[in-house]
K.L.:
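Input: one structure, supplied below.
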Amino acid sequence: MSQRVKIKALLQSQQTDVDVTVKGWVRAFRSNRFIALNDGSTNNNIQIVVDFENTDPALLKRITVGAAISVVGKLVASQGKGQTVEVIAADIEILGDSDPEKYPIQPKKHSLEFLRENAHLRFRTSTFGAIFRVRHSLAFAVHQFFHERGFVYLHTPVITQSDAEGAGEAFHVTNFDLANVPKTDTGEVDYKQDFFGKSTNLTVSGQLEGELGAMALSDIYTFGPTFRAENSNTTRHLAEFWMIEPEVAFNDLDDNMDLAEDMLKYVIKYALDKNADDIEFLTQRLQEEEKQKPQNERSEMTLFEKLQFCLDHDFERLTYTEAIEILKESTPNKRKKFQYPVEGWGTDLQSEHERYLVEKHFKKPVILTDYPKNIKAFYMRQNEVDANGHETVRAMDILFPGIGEIVGGSQREERLDKLEQRMDEMGIPKDELWWYLDTRRFGSCPHAGFGLGFERLVLFVTGMGNIRDVIPFPRFPKNAEF
RNA sequence: UCCUGAGUAGCUCAGCCGGUUAGAGCAUCUGACUGUUAAUCAGAGGGUCGCUGGUUCGAGCCCAGCCUCAGGAGCCA
C-alpha cells in the first residue's frame, strides 16, 4: 500500500494514473458517488469517485458528512468541471463514523455564532480551516522576522507577582482553599502562606521583564499568552490573548515605528505568499458577507486589496497634537456628528475619532505619537514641555482600519530620576518594582518596544469581524468552554 | 459594566390585535435518479416557543426578574 499523501500535494501533483492513499474527513457526499474529502492541508477538497454499483451498500451508508475515511485509489484527470484531478476509489475504509443525525456541522452555511458554540468542531469548516492556517503562518512569520534580525526569543513568566503596572485587571493565582483562606491577625488574606509566599497573578504584559532582557541581549521579543480580567464584551477583546512584545536597546521612537511597520508588512506579505488559497477564500467570504450590507457600508477594497494596499504604502505618521487639529477641523466634528466632540487638547481619542483618521481621512494605517503624558503609562519617556505647555510622552499607537489599535508602544523612560518621579505621581509602588528600577541604576540606556495583539493582526489579515473567531478556543467573560 | 436588539425544529428564520392542532427553507430519514459541485424529485419524522414567576377564561405573543447571545460604547492589545 502506498503512503498517505496529503491533499495539498495531491492537488498539485503533475503525475496522474498513479496509485495513492488519501485520508481525511468527508465534507460532502453527492449522488452516492462523489466524496469531497478534506484533510486540513489545504482549503480545497479532493474529489473521490466511488463506483457505487460495485460497492457494498452498507459501506456507502457510512460515508457521511464528518466521517474519517481512508481511500486507496488512482489519481486521474477529472472528467467533471471544478477540479483538475480526482481519485477513483478502489478501496474505502471507514476510520471513524459520524452519525449524520447528531453531527452538528452540515454541508450548508452556518452562522459564526453557532460555530463559536461548536468551537471543537469548527476547524472542519472551510472558513475556520483557512483562519487557523493563516494564524499559523502569521505566528511563524513573526518568529522568522525577529530571528532574521538577530532577536532573542525571551520567555517571560506567565505567573507574575502583584500587578504593579496597572495594565488592566489581573487574574489572581492562588493555591488556597477558597472556602478557608488563611487570614492575618488584622483580617487580611495571608499570602505568606500561599504557594509563592506572596500575592500572584497571571501576566498582563511581558514588557517589564522584556526590558530586563533587552538591557543585556539588546534585541529581544516575547510571544506568549497574556491575560486580562477586564469585563470587556467586544469584538476586539479577549481575556486570554497572545501578545508579541519586542524590546530593543538603543532604539528611539522612530526606530521603534520602523520596526513595527516592517514587522507588520513582513508577516502580512508572508501570509499572502504562503496562504494565497486561504486568503482568496476569505476574500470571497467577506464579499458574500458584505453583500448583506447596504451599499454605503460596504468597504471599497476587497480583503486581498486591503492587504496589498497595506504593503504598498507607508503608514501615516503624525503626533497626537496634529491629529487633534485634524479632528477639530473635520467635517463630522463641525457638523456635530461625533458622539464625543473634539474640543481641547489632552483627552484620549475615542474609537470614532481613530476610525475617522484611519478610514476616512488618511485611508491607511496610521501611527500616532507623542500622546499627553497623563493618559499614558508611567514607563514612557517624557518629552520636553513644548511651547504651548503641553506635556507629552514618546508613545506610539498603530491604528488599523476596522481594527483600531493593533500596536501600542513607546520609547521607555531610561532616566532613573524621571522614572521614579513619575511612579510617585501615579502611585506605582517602587519597592515592588525594585528589579525594574535596577536597569536604570546600572547601565541604563535609551530603549524602546511595543506590544502587538496577535489576534488583532489575525483579525485584520483574515478579514473576520469578531476576535473570538480567530483564536481556537476564545476566553471571554462567562465563557471558558472547551 | 452601560446602551440597543435577539432567544420558536439539528441550522436559518416566519408566526398578524392574546384565541382552538406552532409554520417554511435547509439538514436528517425512506424511496427514485445517477458525472455531481449548495445535485435534483417525491414522501416522512422532528418542538419543555431561553428559565422562573405573574396577568388572563385563554400566553410563543402582555408584565417582572434572571440567564445567554449579537452589535455598539468604555477599558485596551
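Chain letters run A, B, ... following the sequence lines, proteins first, then strands; residues in each count from 1.
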K.L.:
Counting only heavy atoms and a strict 4.0 angstrom limit, can you tell me which residues of residues 33-58 of chain A come near RNA chain B?
P.N.:
A/Arg33, A/Phe34, A/Gln47, A/Phe52

K.L.:
Could you check how far CZ of A/Phe227 sits from P of B/rA77, rounded to whole Å?
P.N.:
16 Å

K.L.:
When you compare the ring of A/Phe241 with the six-membered ring of B/rA77's base, are the centres less than 5.5 Å apart and the planes under 30° from each other?
P.N.:
yes

K.L.:
Within the 4.0 Å heavy-atom criterion, would you say A/Val407 contacts the bases, only the backbone, or no part of the nucleic acid?
P.N.:
sugar-phosphate

K.L.:
Counting only distance, no hydrogens or angles, is the base of B/rC75 paired donor-acceptor with the side chain of A/Ser232 under 3.5 Å?
P.N.:
yes

K.L.:
Is the base of B/rG35 touched by the side chain of A/Glu86 through a donor-acceptor pair closer than 3.5 angstrom?
P.N.:
yes

K.L.:
Go through the N and O atoms of the side chain of A/Arg468 and the base of B/rC69, and report whether any donor-acceptor pair is under 3.5 Å.
P.N.:
no

K.L.:
Assign A/Thr234 to base, sugar-phosphate, or nothing according to its heavy-atom contacts below 4.0 angstrom with the strands shown.
P.N.:
base

K.L.:
Produce a footprint string for nucleotides 2-13 of chain B: one letter per nucleotide, 5' end first; B if the base is under 4.0 Å from any protein heavy atom, S if only the sugar-phosphate is, - if neither.
P.N.:
--------BBS-

K.L.:
Does A/Phe476 have A/Arg468 sitting over its ring (NZ/CZ under 6.0 Å from centre, angle to axis within 45°)?
P.N.:
yes

K.L.:
Roughly, in whole Å, what's the span from CD1 in A/Ile467 to P in B/rC76?
P.N.:
16 Å

K.L.:
Over 60° means perpendicular and under 30° means parallel, so classify the ring planes of A/Tyr221 and A/Tyr153, tilted if in between.
P.N.:
parallel

K.L.:
Specify whether A/Trp345 and A/Tyr320 have parallel, tilted or perpendicular ring planes, treating 30° as the upper limit for parallel and 60° as the lower limit for perpendicular.
P.N.:
perpendicular

K.L.:
Which comes earlier along RNA chain B counting from the 5' end, the contact point of A/Gln83 or that of A/Lys478, where each point is its nearest nucleotide?
P.N.:
A/Gln83

K.L.:
When the ring planes of A/Phe460 and A/Phe400 are compared, do they come out parallel, tilted or perpendicular, using 30° and 60° as the limits?
P.N.:
perpendicular

K.L.:
Here's one to test your reading of the geometry: is the NZ or CZ of A/Arg124 within 45 degrees of the ring axis of A/Tyr103 and under 6.0 Å from its centre?
P.N.:
no

K.L.:
Determine, stepwise, if the pair A/Arg135 / A/Glu455 fulfils salt bridge (charged side-chain N to carboxylate O under 4.0 Å, His left out).
P.N.:
CA-CA 8 Å; A/Arg135 182 181 166 108; A/Glu455 281 75 18; 3.0 Å; yes

K.L.:
Which parts of residues 316-324 of chain A get close to RNA chain B, meaning a heavy atom less than 4.0 angstrom away?
P.N.:
none

K.L.:
Counting any heavy atom closer than 4.0 Å, what does A/Ser78 reach on the DNA or RNA strands: base, sugar-phosphate only, or nothing?
P.N.:
base

